[in-house]
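This report concerns only the one structure given below.
Both backbone and side-chain heavy atoms feed into the values below; hydrogens, waters and symmetry mates do not. All values reported here derive from a predicted model rather than from experimental measurement.
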Amino acid sequence: MGITSSSARRVRRAGTAATAAVLGILAVSAAPAVAAPDGSADKPAAGSADKPAAAGAAEKPSAGSAKKPAEKVPAGSAEKPAAGKAAGSAASAGNAGSARSAAGIPLAISRLAQGPGRDVAITIDDGPDPRWTPQVLDVLRKNHVKATFCMIGTKAQKYPELVRSVAADGHRLCNHSVDHDVTMDHKPVAYQKQQILEAKAMIEKAAPGVPVGYYRAPGGAFTPDSRAIAAESGMRPLGWSVDPKDWSRPGLPAMITALEGKLPHQPTVLFHDGGGDRSETVAALKQYLPWLTAQGYHFTFPARTTL
């Protein structure tokens with residue numbers, strides 16, 4: 001039986017439809033998945049690892065994560081071992097709060113005023129200075145206050161008459177290194193020893209017969225070795241517990257607020273008579289010393305032999 005033209009057309013249409021169906025199935029299987037409204041289609045399977053960021057891609061810092069410039073280190077902060085020495089060396093035995101040198105001086109940093117009760121110790125750093133030290137001495141004298149002056153060796157050598165004036169008024173002397181190298185804690189032990197012992201000799205030469213009973217590290221950056229060297233030489237490591245930051249000249253109101261805030265027990269207060277314009281320091285002392293007296297404080301020196 002022959003195939004009619006109409007039958008041929010039906011066969012061709014059926015073949016076309018079958019081809020279209022096959023192509024549609026293939027197209028559907030190859031199409032990407034459409035994300036669900038909650039985004040779950042984009043989530044990795046439970047327990048699968050996220051893809052690592054592209055090599056070299058930098059992460060954005062979180063808000064406020066930018067590093068602030070380093071501030072002056074307060075005395076008594078974490079100490080660093082000297083360059084070339086491992087932490088935990090024999091010299092670090094001074095970390096024990098009760099350790100003493102052969103001279104009987106504690107290796108621990110003193111931050112307390114000596115005395116039985118409501119006592120305060122005033123300390124003055126970075127002098128002597130021909131302009132500011134006499135003004136500080138005058139304010140102390142008028143308020144009947146004895147203080148501890150932490151002197152830089154080269155300045156004591158340059159202005160010996162000021163060292164003698166300080167001693168003559170009954171104040172105590174403290175070693176503040178040869179030239180106030182605030183990186184001393186990163187230097188070898190031999191360098192630290194030179195800075196400490198040579199400064200002591202310079203101060204003693206300026207005021208013969210006057211003892212140098214304390215050592216304050218520049219910037220408060222003590223190391224176990226520097227404390228041991230000082231204590232072996234009869235100098236108590238000296239810190240502080242109140243810092244009005246007069247060295248940064250924050251303004252008199254800010255200084256007074258810091259000074260008259262809640263005082264710690266038997267405070268040791270830090271001031272400066274060298275290193276720049278100290279007019280704010282002089283003004284603050286004029287206001288602060290009478291206030292301390294009115295609060296019932298007695299002026300004394302930092303603890304030297306007691307813990």
Side-chain angles (χ1 to χ4, degrees), residues 70-112 121 123-127 148-157 163 172-206 211-241 243 247 268 270 272 274-275 301-307:
E71 297 180 357
K72 186 175 182 180
V73 179
S77 62
E79 295 176 314
K80 298 177 182 177
K85 291 186 72 70
S89 64
S92 68
N95 286 330
S98 60
R100 292 176 181 267
S101 69
I105 302 297
L107 276 65
I109 299 169
S110 174
R111 301 180 192 85
L112 293 177
T123 62
I124 315 289
D125 281 22
D126 293 359
T148 301
F149 282 75
C150 300
M151 298 185 172
I152 295 172
T154 52
K155 290 188 176 182
Q157 190 176 53
V163 182
R172 289 191 179 178
L173 303 183
C174 170
N175 175 350
H176 203 28
S177 81
V178 169
D179 53 12
H180 204 274
D181 181 357
V182 295
T183 68
M184 268 181 63
D185 56 323
H186 298 280
K187 303 287 181 66
V189 176
Y191 177 83
Q192 296 180 48
K193 187 173 185 178
Q194 175 189 359
Q195 282 278 324
I196 295 168
L197 298 186
E198 287 189 8
K200 183 174 185 284
M202 291 174 177
I203 298 167
E204 289 174 338
K205 184 176 180 180
V212 180
Y214 305 90
Y215 167 69
R216 176 172 279 166
F222 287 94
T223 67
D225 291 296
S226 68
R227 291 189 290 111
I229 292 164
E232 287 291 342
S233 302
M235 297 177 289
R236 177 71 184 271
L238 178 58
W240 61 84
S241 58
D243 180 8
W247 52 271
T268 294
L270 174 65
H272 295 77
F301 299 108
R304 182 168 175 272
T305 57
T306 57
L307 293 171

For [X] and [Y], work out which heavy atoms get closest and say how close.
X: Arg111; Y: Trp240; value: CD-O, 3.7 Å
X: Cys174; Y: Ile203; value: O-CD1, 3.9 Å
X: Arg227; Y: Leu107; value: NH1-O, 2.6 Å
X: Ala303; Y: Ser110; value: O-OG, 2.7 Å
X: Met184; Y: Ser177; value: SD-CB, 4.0 Å
X: Leu173; Y: Pro211; value: CB-O, 3.8 Å

Side-chain donor-acceptor pair present, Asp179, Gln195, cut-off under 3.5 Å: yes
Whether [X] side chain and [Y] backbone form a donor-acceptor pair below 3.5 Å:
X: Ser101; Y: Ala103; value: yes
X: Thr268; Y: Ser241; value: no
X: Tyr214; Y: Pro302; value: yes
X: Lys205; Y: Gln157; value: no
X: Arg100; Y: Thr305; value: yes
X: Thr154; Y: Val178; value: yes
X: Arg236; Y: Thr306; value: yes
X: Arg172; Y: Thr148; value: no

Rounded to the nearest 0.5 Å, how far does NE2 of His180 lie from NZ of Lys155? 8.5 Å
Pair Ser226-Asp185, side-chain contact (heavy atoms from CB on, under 4.5 Å): steps then yes or no: CA-CA 8 Å; Ser226 68; Asp185 56 323; over 6 Å; no
Passing option when Met235 is tested against Ile229, Ile105, Ile196 for side-chain contact (heavy atoms from CB on, under 4.5 Å): Ile196
Dump the intermediate steps for side-chain hydrogen bond (donor to acceptor under 3.5 Å, both in side chains) on Thr123 and Arg216, then the final yes or no. CA-CA 10 Å; Thr123 62; Arg216 176 172 279 166; 3.1 Å; yes
Apply side-chain contact (heavy atoms from CB on, under 4.5 Å) to the pair His176 and Asp126, showing each step before the final yes or no. CA-CA 7 Å; His176 203 28; Asp126 293 359; 3.1 Å; yes
